[in-house]
Undergrad: 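Below you will find the structure I want to go over with you.
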Amino acid sequence: MNRRQALAAFGTGLAAIAAAAVSREAAKRPSDTSLDVTGGRIDVVFDDAQGLDRDRVLGWVRQSARAIETYFGRYPAARHVIVVDVQEGAQVGHATTWGGNGSSLTRIHVGREADADTFARDWVMVHEMVHASLPDLPRRALWLQEGSATWVEPIARVQAGQLPPEAIWSQAVAGMPKGQPGADAGGMDGTEAWGRLYWGGATFWLRAEIAIHEASHGTRGLRDALRAIARSSRGNVVAWTPERMMREGDAAVGNDALSSLYRTFATRSVSTNLDALFARLGVEPTPHGIAFDDRAPLAALRRKIGEAGPG
């Protein structure tokens, strides 16, 4: 890292600290609404939200929480404070999630003109709730955090009946090529490249799905590992090393698939033959969308990933 990069990183760090401080001050206010979820509570604070349809926003938060409860079996964060700010337009905007001080905190921006269709299509809230559900990791492992939220978000919504199974795979087929390493790339630990952080990280977690499935002969899955990690940590209120996260997941599934795969991805440049991987899962991109081949070797795993219901 040169001097300019170091100064930019320092400035970004100060901005993040300042944003977190402002958000925590807002979170100290009495919540406008508390939502009971299985395992915890969500407090919604409308900070700068003049003109927002609050009932519609609360319905969106509840719908997103149902997806998280479905995937993890319960809402992992004992207390999650969500601070809502208004912005112009009709879209859900930027969001950031922090942990510590006994609760998870998310600050999210919502367009003043956001309607029911906006909230039905939104992925940002579930993405942030996944961050709140898993332990905080050091900066070098940001790709594990962003990758898990990118991978789990559509799966949780599919399993809750909010999206069709094709949504998981259309996003993966479109996004994962963006996470492939360049010619001079090293291991994933410490990467700052956007595509690798989100889609390279998601590719790791898809590979973890397959590795756990194969090592356990189909009796365990990644969701078993992530549920155990979420249950043990109670979310991002604690800081873990990625090595501990992998060990906790491995213990839940009875093999070392996560630790082994992490060591490889963290330290080496790993390219994935995505065409071959999707073919093994029976995922076939077509001009009209995604088709499924139930004769593929890993078709049973693909179906299990997209099964509706709590599992």
Side-chain angles (χ1 to χ4, degrees), residues 11-12 14-37 40-71 75 77 79-101 103-133 145-146 149-150 152-158 160-164 167 170-171 174-175 194 197-198 235-236:
T12 300
L14 288 179
I17 292 170
V22 170
S23 298
R24 291 207 176 279
E25 282 304 311
K28 290 177 182 178
R29 287 175 27 196
S31 65
D32 294 279
T33 300
S34 290
L35 307 176
D36 290 328
V37 290
R41 185 178 89 235
I42 299 173
D43 291 330
V44 181
V45 176
F46 291 96
D47 187 24
D48 177 14
Q50 186 175 2
L52 280 181
D53 184 329
R54 297 192 176 199
D55 287 340
R56 187 169 281 167
V57 169
L58 293 173
W60 164 55
V61 174
R62 289 189 186 95
Q63 172 180 284
S64 301
R66 281 196 294 272
I68 293 297
E69 289 175 294
T70 299
Y71 185 85
Y75 202 86
R79 181 173 183 247
H80 188 178
V81 181
I82 298 174
V83 179
V84 180
D85 285 332
V86 72
Q87 66 180 22
E88 297 307 316
Q91 303 302 315
V92 175
H94 179 71
T96 306
T97 296
W98 300 270
N101 296 330
S103 64
S104 299
L105 169 63
T106 294
R107 191 175 200 109
I108 192 163
H109 295 77
V110 179
R112 202 185 310 274
E113 288 78 41
D115 58 15
D117 185 58
T118 297
F119 293 124
R121 290 184 289 103
D122 171 66
W123 57 269
V124 178
M125 181 63 81
V126 176
H127 183 101
E128 297 303 319
M129 286 178 170
V130 175
H131 283 319
S133 299
Q145 293 182 285
E146 295 299 350
T150 301
V152 169
E153 171 264 315
I155 296 173
R157 293 169 70 199
V158 167
Q162 298 169 9
L163 290 174
S170 61
Q171 291 184 40
W194 175 88
L197 284 172
Y198 288 82
N236 70 341

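All values below come from the heavy atoms of this structure, side chains included, with hydrogens, waters and symmetry mates left out.
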Undergrad: Using 30° and 60° as the class boundaries, would you call the ring planes of H94 and H109 parallel, tilted or perpendicular?
TA: tilted
Undergrad: Side chain to side chain contact (heavy atoms under 4.5 Å, CB included) between L52 and V110: does it pass, once the steps are laid out?
TA: CA-CA 8 Å; L52 280 181; V110 179; 3.9 Å; yes
Undergrad: Decide side chain to side chain contact (heavy atoms under 4.5 Å, CB included) for Y71 and M129; before the verdict, give the C-alpha distance in whole Å, the side-chain angles of both, and the deciding distance to 0.1 Å.
TA: CA-CA 11 Å; Y71 185 85; M129 286 178 170; over 6 Å; no
Undergrad: With sequence neighbours excluded, tell me which residues meet side-chain hydrogen bond (donor to acceptor under 3.5 Å, both in side chains) with R62.
TA: none
Undergrad: Under a 4.5 Å cut-off applied to non-hydrogen side-chain atoms, are E146 and H127 in contact?
TA: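 Yes - at least one pair of side-chain heavy atoms lies under 4.5 Å apart.
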Undergrad: Would you check if R41 and D36 make a side-chain contact, meaning some heavy-atom pair closer than 4.5 Å?
TA: yes
Undergrad: Set out, in order, the CA-CA distance, both residues' side-chain angles and the distance that settles side chain to side chain contact (heavy atoms under 4.5 Å, CB included) for V126 and I68, then state yes or no.
TA: CA-CA 7 Å; V126 176; I68 293 297; 4.0 Å; yes
Undergrad: Check whether any side-chain heavy atom of T118 sits under 4.5 Å from a side-chain heavy atom of W60, and report yes or no.
TA: no
Undergrad: Taking 4.0 angstrom as the limit, do D47 and R107 come out as a salt bridge?
TA: yes
Undergrad: I'd like to check L197 versus Q145 (side-chain heavy atoms, cut-off strictly below 4.5 Å). Are they in contact?
TA: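 They are not in side-chain contact.
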Undergrad: Within the 3.5 Å criterion, strictly below it, is a donor on T106 or H80 matched to an acceptor on the partner's side chain?
TA: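 There is such a pair (donor and acceptor under 3.5 Å, judged by atom type) between the side chains of T106 and H80.
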Undergrad: For T97 and E128, does a side-chain donor sit closer than 3.5 Å to a side-chain acceptor?
TA: yes
